Amino acid sequence: MDTSKLTRIDDTTWQIDPTGDMRVPGIIFADEALIEAMDDKVAEQTANVARLPGIVQASYAMPDAHWGYGFPIGGVAAFDPDEGGVVSAGGVGFDVSCGVRSLLTGLTVADIRAVQERLADALAAQIPAGVGSRSGISLNRQEMDAMLVGGAAWAVEQGWGEPEDLERIEEMGRMAGADPDCVSEQAKKRQRREMGTLGSGNHYLEIQAVEKVFDAETAAAFGLVEGEVLVTIHCGSRGLGHQIGTEFLRDMLPAAAEAGIRLPERELACAPIHSPIGQRYLGAMRAAINCALANREILGHFAREVFDRFFPEHRLPLLYDVSHNTCKVETHTVGGRPRQLYVHRKGATRAFGPAHSELPEALRGEGQPVLIGGSMGTGSHVLVGMGTGGKGFYSACHGAGRAMSRHAALKRWHGRQVVDDLAERGILIRSPSARGVAEEAPGAYKDVDQVVEVAERAGLARRVARLTPLICVKG
DNA sequence: ATGTCC
């Protein structure tokens with residue numbers, strides 16, 4: 001990125017000063033190396049978001065930001081409904097409520113090494129992965145609506161998961177305000193047989209070891225012990241969220257024009273929060289959040305079934321489940337007064353600090369676990385939200401972020417070779433798609449360690465532990 | 001991300 005037009009605030013903060021019809025500044029969190037590697041498009045998109053009605057404080061981009069549809073991936077923006085604020089399908093993303101959950105196992109790396117090949121095969125057999133994969137679960141009309149309202153709580157009622165999981169999930173596992181009537185028949189049809197499936201792209205189920213602890217006290221409170229093993233799942237709302245995103249992106253374009261909103265570009269289609277379509281999107285998006293929460297709960301249950309066969313004496317309690325593609329109503333102090341804002345996080349993880357009322361009692365002392373997925377075969381991180389003064393409406397990065405397009409990655413690597421190279425380093429990949437593996441090659445991503453180190457220095461979240469993969473089931 | 005183009 002050309003930094004000559006940016007104002008450098010400090011080591012990790014760059015400002016796009018408001019010009020033209022920008023209503024607020026743009027803020028990019030990055031160090032010198034990350035901002036230089038970042039596409040100019042990130043600054044352009046961050047500035048464009050700052051032109052939307054009702055935006056408050058600033059349009060933010062996280063250290064892993066890259067070019068997205070309309071809003072940058074790694075973008076955070078909050079809108080005030082009483083100042084003409086908008087909601088945007090492109091500000092949430094196609095994979096509504098895509099997120100990460102981690103389960104603790106209490107097992108050691110040695111326990112896994114002893115059964116690694118068989119465990120990898122068993123997980124690959126149990127976890128449906130890849131485009132169009134099936135779990136065998138099929139929902140009728142009533143069950144679909146119950147799932148869209150009930151989220152992970154619904155999944156637990158059906159026997160997929162444990163009641164004690166719920167307090168470790170955003171919104172206690174059930175997003176309020178979901179309205180199945182706002183979800184199209186087409187979206188429901190696509191999802192009918194997709195519950196309990198992982199999907200493709202960068203979605204995965206990994207067995208990971210705690211490799212390094214940065215913050216011993218918080219790690220202990222989270223149950224993270226060096227040399228012990230976690231199960232981490234990264235996926236979202238599958239076809240349902242994608243269909244909702246597609247339909248509302250299409251329908252918000254004329255709606256924006258009708259509301260007299262001048263869009264910097266078509267991809268920023270949005271609607272006033274106080275408008276029928278804005279409200280319909282929120283009802284549908286919240287239903288998609290429940291779909292993703294239920295999906296991750298079911299996948300967690302499948303993983304537990306596999307572990308139960310290998311290690312029957314071990315339970316797998318949930319550490320946390322957090323999304324990085326949402327729009328949430330939150331109270332933040334802006335301009336000296338608390339305001340109810342619609343916070344869009346697209347490829348950005350919510351990072352609430354200690355004592356936040358949304359957190360369960362068991363986590364209030366430490367703050368919210370911020371689960372950051374790395375690229376396949378490299379590493380992942382657990383961070384924790386900051387106390388008062390969390391930047392970007394208490395948000396952090398969501399992953400490594402691509403450094404190379406899928407197309408470029410395909411030209412550079414073969415899936416088989418990537419799998420063999422990782423196997424030599426003790427990391428077993430199981431995927432139905434050699435092409436998918438090539439697209440997700442570790443070299444196609446930025447260095448997640450650098451991204452989280454910058455996130456910490458920028459005051460977005462604090463590092464707790466680094467995780468390294470042992471097994472990865474991919475779509 | 002995505003029944004990777006109805």
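Bear in mind that the values here come from a model prediction, so they are computed numbers and not experimental data. Sequence lines set the chain letters: A, B, ... in the order given, protein chains first and strands last, and positions in each chain run from 1.
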Note to self: Measure CZ/A:R238 against P/B:dT4 and give the value in whole Å, please.
What the structure shows: 11 Å
Next item on the list: Nearest 0.5 Å please: distance from the CE atom of A:M175 over to the CD atom of A:E171.
Entry: 4.0 Å
Notebook entry, point to check: Roughly, in whole Å, what's the span from CG in A:N295 to C1' in B:dT2?
Noted result: 14 Å
Margin query: Under 4.0 Å, counting only non-hydrogen atoms across every strand here, what does A:E439 touch: a base, just sugar-phosphate, or nothing?
Written below: nothing
Note to self: Whole angstroms only, please: what is the CD-C1' distance between A:E194 and B:dT4?
What the structure shows: 13 Å
Checklist line | Whole-Å distance separating the NE2 atom of A:H242 from the P atom of B:dC5 | finding: 9 Å
Item checked: Rounded distance [0.5 Å steps], NE2 in A:H332 versus CD in A:E330 -> 4.0 Å
Notebook entry, point to check: In whole Å, what is the span from the CG atom of A:L249 to the P atom of B:dT2?
Noted result: 16 Å
Check: How long is the line joining NE2 of A:H203 and C1' of B:dT2, in whole Å?
Finding: 10 Å
Next item on the list: Tell me what A:G199 touches on the nucleic acid: a base, only sugar-phosphate, or nothing, going by heavy atoms under 4.0 Å.
Entry: sugar-phosphate
Next item on the list: Dump the intermediate steps for salt bridge (Lys or Arg N to Asp or Glu O under 4.0 Å) on A:E170 and A:R350, then the final yes or no.
Entry: CA-CA 10 Å; A:E170 267 189 289; A:R350 193 192 67 174; 3.6 Å; yes
Notebook entry, point to check: Looking for any heavy atom pair under 4.0 Å, which part of the strands does A:R406 touch: base, sugar-phosphate only, or nothing?
Noted result: sugar-phosphate
Next item on the list: Specify whether A:H398 and A:H66 have parallel, tilted or perpendicular ring planes, treating 30° as the upper limit for parallel and 60° as the lower limit for perpendicular.
Entry: parallel
Checklist line | Position toward the 5' end of DNA chain B (nearest nucleotide), A:R435 or A:G201 | finding: A:G201
Item checked: Euclidean distance, atom NZ of residue A:K189 to atom P of B:dT2 [Å, nearest integer] -> 18 Å
Margin query: It should be established whether A:S200 places a side-chain nitrogen or oxygen under 4.0 Å from OP1 or OP2 of nucleotide B:dT4.
Written below: no
Checklist line | Spacing of A:F94 atom CZ relative to B:dC5 atom P, expressed in whole Å | finding: 11 Å
